[in-house]
Amino acid sequence: MKVIDILTHKKTALSFEFFPPKTAEGFDKLFDTVQKFRYLSPSYVSVTYGAGGSTRENTRNLVGKIQNETGLTAVAHLTCVGHSKDEIRKILENYSQAKIENILALRGDTPKNIPNFTESQDGFKFACELVQFTKKNFGQMGIGVAGFPEGHPLTPNRLVEIDNLKQKVDSGADYICTQLFFNNHDFYDFCERCEIAGINVPIIAGIMPITSVANMKKIAELSLGARIPAKLLKAVYRATNDEYVENVGIHWAAEQVNDLIESGVRGIHFYTLNKFEQIHKICESIGLISSEQLEK
């Protein structure tokens with residue numbers, strides 16, 4: 001089922017994102033975790049894509065396994081970086097043959113762990129080109145793109161940022177899934193700016209709970225400066241150990257999700273870091289799941 005169809009029929013869709021491990025043992029462990037997430041009744045799940053070949057094959061394997069063995073709708077992330085157009089075509093053909101109906105089209109980050117990495121001379125430079133290519137050659141495929149409530153790290157001009165996003169939508173994207181944010185006002189402002197620009201596709205809110213001080217610092221680093229509100233920082237630094245920090249993160253994320261749902265958001269997308277317990281506690285605390293359901 002296409003994500004856009006899910007968003008049309010559900011009041012608020014609930015989805016979870018995983019990243020593929022590099023080892024067979026890790027792969028099996030993650031699949032067991034994915035099975036747990038089934039009890040949270042996800043509308044769909046997605047799998048990230050390693051740049052430069054680091055986990056790309058694992059992404060395809062995990063997406064296929066989820067789709068075929070769990071009955072869940074799986075979305076495959078696909079990046080332009082490091083791929084030629086022919087390689088992109090072959091990947092999309094493989095997904096199509098495996099009855100994978102959804103991709104999240106991304107430009108992707110240049111891998112920092114691959115020395116002398118060079119981009120393909122016959123590839124796509126921007127995500128909008130990947131969207132356009134997919135729409136033209138694989139019209140049956142559902143296409144999502146990324147949005148940035150706090151601003152795109154490589155596009156400090158917020159007007160240009162929204163223009164670029166509109167170009168992705170005009171190229172054929174069905175919906176937008178945002179990067180993580182900790183202040184819902186940033187998300188609501190982003191949605192308003194999209195509306196002003198004539199972007200009318202559904203917008204899914206990306207949420208990631210803080211689980212430790214180290215995790216918070218890593219989020220800020222990976223998100224290239226995620227804005228962490230002072231109120232959240234105070235609560236994190238007031239906590240005396242990682243268990244208390246985790247509780248702060250769960251509470252903050254639960255408050256965010258509850259507010260978003262009450263405001264009629266089209267979907268909530270959790271960046272899970274392949275961990276189940278924190279996400280389950282968030283969902284349980286706002287009535288999306290009960291312990292009894294989990295035990296069945």
Side-chain angles (χ1 to χ4, degrees), residues 3 6-7 10-21 26-48 59 62-63 65-66 70-75 77 104 144 146 149 177-184 187 204-216 218-220 222-223 226 228 232 235-236 239 242-262 265-296:
V3 170
I6 293 171
L7 296 173
K10 278 186 172 286
K11 189 172 182 181
T12 300
L14 189 66
S15 57
F16 306 107
E17 180 175 300
F18 309 105
F19 64 87
F27 191 94
D28 292 339
K29 183 178 179 181
L30 173 58
F31 194 71
D32 290 340
T33 300
V34 173
Q35 295 281 30
K36 289 184 179 180
F37 274 95
R38 290 178 63 192
Y39 291 100
L40 302 185
S41 302
S43 304
Y44 68 91
V45 300
S46 72
V47 181
T48 64
T59 296
L62 183 58
V63 168
K65 190 175 178 67
I66 289 173
T70 69
L72 297 173
T73 295
V75 176
H77 291 210
L104 187 70
C177 183
T178 77
Q179 284 283 19
L180 65 94
F181 56 91
F182 293 104
N183 190 329
N184 285 3
F187 176 78
I204 298 171
I207 298 293
M208 180 187 287
I210 288 173
T211 57
S212 67
V213 173
N215 164 257
M216 179 180 70
K218 190 68 174 177
I219 289 172
L222 292 176
S223 301
I228 300 174
L232 175 56
V236 167
D242 275 352
E243 181 183 353
Y244 292 169
V245 173
E246 181 178 297
N247 288 338
V248 168
I250 289 169
H251 175 75
W252 187 274
E255 290 291 307
Q256 278 191 273
V257 173
N258 192 56
D259 178 71
L260 289 163
I261 291 174
E262 289 184 354
V265 71
R266 298 295 294 279
I268 303 288
H269 185 71
F270 283 105
Y271 296 97
T272 71
L273 297 178
N274 295 357
K275 296 178 180 179
F276 174 76
E277 291 302 327
Q278 293 89 352
I279 306 300
H280 169 248
K281 288 177 181 177
I282 293 167
C283 292
E284 184 176 31
S285 71
I286 58 175
L288 293 178
I289 187 71
S290 69
S291 298
E292 289 74 16
Q293 283 175 276
L294 187 63
E295 292 167 359
K296 287 182 180 179

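Values below: all heavy atoms of this structure, side chains included; hydrogens, waters and symmetry mates excluded.
- Of the possible donor and acceptor atoms, one in the side chain of Ser43 sits under 3.5 Å from a partner among the backbone N and O of Leu14.
- Of all non-hydrogen atoms in Val236 and Val245, the two that sit nearest each other are O-CG2, 3.8 Å.
- Contact between Phe181 and Thr178 at its shortest, heavy atoms only, is CE2-OG1, 3.6 Å.
- One finds the CD1 atom of Ile207 at 11.0 Å from the CH2 atom of Trp252 (value rounded to the nearest 0.5 Å).
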Candidate pair Asn215 and Leu273, rule side chain to side chain contact (heavy atoms under 4.5 Å, CB included), full reasoning: CA-CA 10 Å; Asn215 164 257; Leu273 297 178; 3.5 Å; yes
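- Considering only heavy atoms from C-beta on, Asn274 comes within 4.5 Å of Phe19 through its side chain.
- The distance between the ring centers of Phe16 and Tyr271 does not fall below 6.0 angstrom.
- The shortest non-hydrogen separation linking Ile228 to Ala220 is CD1-CB, 4.5 Å.
- The distance from the CD1 atom of Ile261 to the CZ atom of Arg266 is 14.0 Å, given to the nearest 0.5 Å.
- Side-chain contact, Ser46 with His77: a donor N or O sits under 3.5 Å from an acceptor N or O.
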Is there a side chain to side chain contact (heavy atoms under 4.5 Å, CB included) between Phe18 and Val34 once you walk through the steps? CA-CA 8 Å; Phe18 309 105; Val34 173; 3.9 Å; yes
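- Between Lys65 and Phe31 there is a side-chain heavy-atom pair separated by less than 4.5 Å.
- In this structure, the separation between CD1 on Ile268 and OG on Ser15 is 8.5 Å, given to the nearest 0.5 Å.
- Considering CE of Met208 and NE2 of His269, their distance stands at 9.0 Å, rounded to 0.5 Å.
- In this structure, the side chain of Asn258 does not engage the main chain of Ile286 through any donor-acceptor pair within 3.5 Å.
- Between Pro20 and Leu30, the shortest heavy-atom contact is CA-CD2, 4.3 Å.
- Using a 4.5 Å cut-off on side-chain heavy atoms (C-beta onward), Leu288 and Leu40 make no contact.
- The side-chain heavy atoms of Ile210 and Ile219, taken from C-beta on, include a pair separated by under 4.5 Å.
- Residues Phe37 and Val45 form no side-chain contact, since every pair of their non-hydrogen atoms from C-beta on lies 4.5 Å or further apart.
- Scanning both residues, Thr12 and Val265, for their nearest heavy atoms gives OG1-O, 3.2 Å.
- With rounding to the nearest 0.5 Å, the separation of CD in Glu284 from CD1 in Ile250 is 10.5 Å.
- Atom CZ of residue Phe182 and atom CE of residue Met216 lie 9.0 Å apart, to the nearest 0.5 angstrom.
- Leu72 has its side chain within reach of Pro42: a pair of non-hydrogen atoms, C-beta onward, lies under 4.5 Å apart.
- The side-chain heavy atoms of Gln278 and Lys281, taken from C-beta on, include no pair separated by under 4.5 Å.
- Summarising the geometry of Ala254 relative to Ile282, their closest heavy-atom pair is CA-CG2, 3.8 Å, with the distance given to 0.1 Å.
- Under the 4.5 Å side-chain criterion, counting only non-hydrogen atoms from C-beta, Val47 is in contact with Ile66.
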